[in-house]
Amino acid sequence: MSALEGIRVIELSTDATAFAGKLLADMGADVILVEPPDGAAARRYPPFVDDEPGPERSLHWWHFNTSKRGITLDLSSDSGRNLLGDLIGDADVLIEGMAPDVRKALDFAALSTGNPGLVHAAITPYGVTSPRSAEPVTDLTILAGGGPVWSCGYDDHELPPIRGGGFQGYNTGAHYIVMSVLTALLSRFGSNEGQFIDVSLHAAANVTTEMASYHWLIQQSIVQRQTGRHAMEIETASTQVRSGDGRYVNTGVLPRTPREFAGLLRWIEDAGLRDEFPETVFIEMATQREHLDRSKIGEDDEIVAMFMAARDAMALLADRLPAKEFFLGAQRAGIPVGVVYSPEEAFEDEHFIARGFQHKVQHDDPDQTVRYPGAPYRFEKSAWRISRCAPHLGEHNEEVFAELSASAEP
Amino acid sequence: MTGALSRYRICDFTGQLAGAGATKWIAAFGADVIRIEDPVMRGRWDILRAMPPFVDERRGEAFGGGFNNHNTDKKGITLNLRTEKGKEILRELVRVSDVVSENFAAGVLDKWGFGYEALKEMRPDVIYVSNCGFGHVGPYGQYKTWGPIVQAICGLTFTSGLPDEEPAGWGYSYMDHTGAMYMAIAILMALMHRERTGEGQWVDLACTEVGLTLHGPALLDWTINHRPTRRPGMPNGNRSLGSEMAPHGIFRCSGDDEWVAIVCRDEGDWCAFTGLVNEPWTQEAAFADIGARKANEDALEAHVTAWTRTRGKFDVQRALLDAGIPAAAVQKPGERIDQDPDTEGFDLWPSVVHSKMGEIRVDGLPVHLSKTDWRIERGGPCLGEHTEQVLTGLLGMSSGEVAALREEGVV
């Protein structure tokens with residue numbers, strides 16, 4: 001049993017809906033993806049299998065459309081709109097990100113007459129009633145206007161602020177679609193009523209910026225971007241260090257408790273650095289304290305020496321060790337740090353392999369087994385799985401239209 | 001008004017943002033979210049309780065601005081789980097709760113005697129959602145994380161930067177926000193499953209794994225084409241990732257640290273842009289088509305910057321949007337919060353009443369439901385603010401019994 005088995009979702013394919021449809025489909029919903037007859041734009045997005053473009057070869061398309069069935073409909077024709085109406089009439093959920101003129105022409109309210117349980121989610125740049133709703137946006141402009149970009153970049157403000165990779169503006173919007181749709185479906189158990197959901201990409205970016213927003217809301221202060229760490233009003237100490245193999249590690253929050261200092265002490269000794277680092281004596285002193293009260297910095301010189309020794313020891317260890325060894329050594333010592341992995345390095349790391357994160361999917365055309373990113377959560381009972389690879393153009397036309405006519409018969 | 005989730009109760013051990021953000025959503029839709037904290041540690045399970053920003057000169061566990069932001073409309077009770085009576089009260093609470101949620105390090109709840117097997121004894125259809133950096137299972141199960149560490153591990157830090165510079169990373173805990181979203185999704189999915197089958201279950205959520213799913217096309221490029229993201233010229237977060245587009249970047253404008261994002265998606269956008277700029281360089285062969293513009297992107301960006309840097313960012317935004325080209329000023333917090341009709345007009349910044357701090361604006365939710373919309377009204381609970389209310393109202397104790405428990409250090 002999957003959590004969403006038998007829940008029928010109609011998705012009108014756009015860049016903003018794709019990930020939401022995938023998240024629902026991988027949890028067992030029957031997601032029917034509707035594309036125009038010449039295919040969705042995303043079929044033309046790189047990268048491609050073996051770098052050869054083609055509507056069935058886009059890896060962007062493959063990733064964002066797993067577990068869905070796909071049909072083509074010409075929504076500018078009466079017959080296309082009628083078929084869409086039949087599909088919506090039979091569905092639990094409709095997800096769309098249509099431009100305002102298209103949404104108006106399609107008249108979803110009329111299409112869903114006779115289906116009072118329908119949950120209809122529209123995802124748009126600024127919300128369906130905004131005067132700006134027809135303006136063009138991309139992932140970059142959403143993240144620039146919506147706040148995330150302001151907080152990301154380098155200490156050197158001659159360099160531009162940076163947008164993080166991976167289409168996170170669209171991803172964040174998709175997460176909010178899924179949360180809203182599930183909330184509306186749960187509400188339906190009590191009321192048998194569906195409803196309309198208005199999701200704004202701009203608003204989603206705005207409330208996903210942590211301190212940047214609530215520091216302004218509370219004290220009207222503006223955080224400033226800093227390399228590899230939180231944007232703050234004041235300049236903070238760096239937490240990103242180059243490791244012995246020329247990569248980077250994140251030193252996180254430095255040791256704060258006698259127990260963490262004890263872990264650090266053992267690690268320095270195991271790494272054979274004790275003689276080279278005379279300040280080890282302060283770390284040893286810290287292990288003998290009952291408490292280490294950071295608010296006493298300024299009054300207690302020993303405390304200052306202890307924290308400085310910890311910081312310098314972490315820097316020395318990072319400088320001497322390859323990034324991965326630094327990460328493992330610190331974590332084994334009970335000190336939370338991270339190695340700055342590229343996505344593929346993380347994907348191949350033994351922890352994620354042991355958890356079964358690499359998910360194999362059989363493709364027929366071309367015939368091959370492909371390793372996909374796996375489940376974002378592990379349900380004990382509700383199955384997460386990629387039940388099929390992304391649909392070929394019009395792959396399920398016959399099947400879906402046959403189901404429709406069967407359900408229309410008395 | 002009955003909320004969308006009013007029928008549910010959450011026994012909530014979450015904290016920080018990665019956990020608390022999840023139950024903020026659940027509470028905003030009307031569920032009874034009861035946050036449990038430790039009276040001995042004075043709320044230090046959640047360091048945000050006493051962390052800045054502050055509304056005035058008052059300090060301490062009741063005044064953390066971030067805590068208030070993430071814990072709206074929840075109840076707060078204290079329970080000393082070192083005591084047998086405290087454990088018994090928690091058992092009673094689990095029996096009347098649909099969900100137990102937590103984002104401690106792996107194994108903490110188990111150590112107290114409230115692991116999943118124990119929870120099931122208390123309530124067979126209980127939903128248990130745990131959320132930590134590496135999950136409860138696997139070689140790194142005992143390792144600890146913060147948001148920036150999760151981001152370093154899962155590739156998000158690496159893919160935010162410029163070529164030949166160190167990683168810029170994310171200037172905030174993007175994965176605390178996103179981990180919280182997946183935790184909310186897990187709770188809601190598990191409730192769907194229970195509504196349809198009667199079964200409860202455990203959901204093990206690893207924030208690093210969530211982060212890894214956010215780089216799908218790049219990972220398939222690796223598994224199929226063997227092309228790593230760690231390669232010369234990468235990363236460049238501001239340039240186009242999927243379709244080839246240029247210019248596609250963030251450009252300096254007049255003023256102090258002012259920037260604008262500009263994207264020409266196709267030849268139509270490029271033609272409109274060249275018409276607007278109307279300078280000889282736009283006609284050079286080096287920029288004649290998308291192939292040429294990508295090949296000469298550094299030179300292209302230098303020209304675009306020369307054009308933008310004497311102009312105001314909102315002027316550039318307006319001019320480009322009027323010409324149908326995607327553009328957005330890099331908005332500073334005050335600009336997008338106080339001067340942007342599309343956040344204010346979306347009711348994105350509701351005010352809540354906190355019992356000690358008074359009225360405070362907080363992050364709202366970026367969605368509206370036509371029939372059962374969210375409501376964010378009450379500030380984050382003070383430590384133990386609802387202990388008496390929950391113990392008497394929900395568990396049927398008398399005020400005298402609660403007073404005695406307080407005396408004994410149980411609550």
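Basis for what follows: all heavy atoms, side chains included, without hydrogens, waters or symmetry-related copies. By convention in this document, chain letters (A, B, ...) are assigned in the order of the sequence lines, proteins followed by strands, and residues within each chain are numbered from 1. Note that this is a predicted model, so its numbers are computed, not measured.
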Which bit of A:Leu201 comes within less than 4.5 Å of chain B, counting heavy atoms only: side chain, backbone, both or neither? neither
Does any backbone or side-chain atom of A:Ala205 lie under 4.5 Å from a heavy atom of chain B? Answer side chain, backbone, both or neither. neither
Compare all side-chain heavy atoms of A:Tyr377 with those of B:Met183 and state whether any distance is below 4.5 angstrom. no
Ignoring hydrogens and geometry beyond distance, is a side-chain donor-acceptor pair present between [X] and [Y] at under 3.5 Å?
X	Y	result
A:Tyr154	B:Glu165	no
B:Asp342	A:His202	no
B:Trp170	A:Gln168	no
B:Trp374	A:Thr183	no
A:Thr209	B:His177	no

If the condition is side-chain hydrogen bond (donor to acceptor under 3.5 Å, both in side chains), which residues does B:Arg265 pass it with, not counting sequence neighbours? B:Asp269
With sequence neighbours excluded, give me every ring-ring contact (aromatic ring centres under 6.0 Å, His included) pair touching residues 133-152 of chain B. A:Phe327-B:Tyr140, A:Phe327-B:Tyr143, A:His351-B:Phe134, A:His351-B:Tyr140, B:Phe134-B:Tyr140, B:His136-B:Trp202, B:Tyr140-B:Tyr143
What's the verdict on side-chain hydrogen bond (donor to acceptor under 3.5 Å, both in side chains) for A:His230 and B:Ser173, showing C-alpha distance, side-chain angles and the deciding distance? CA-CA 8 Å; A:His230 273 58; B:Ser173 289; 3.3 Å; yes
NZ/NE/NH1/NH2 to OD/OE distance under 4.0 Å, A:Glu5 and B:Arg196: no
Which bit of B:Arg230 comes within less than 4.5 Å of chain A, counting heavy atoms only: side chain, backbone, both or neither? both
Parallel, tilted or perpendicular, as decided by the 30° and 60° cut-offs, for the rings of B:His70 and A:Tyr214: perpendicular
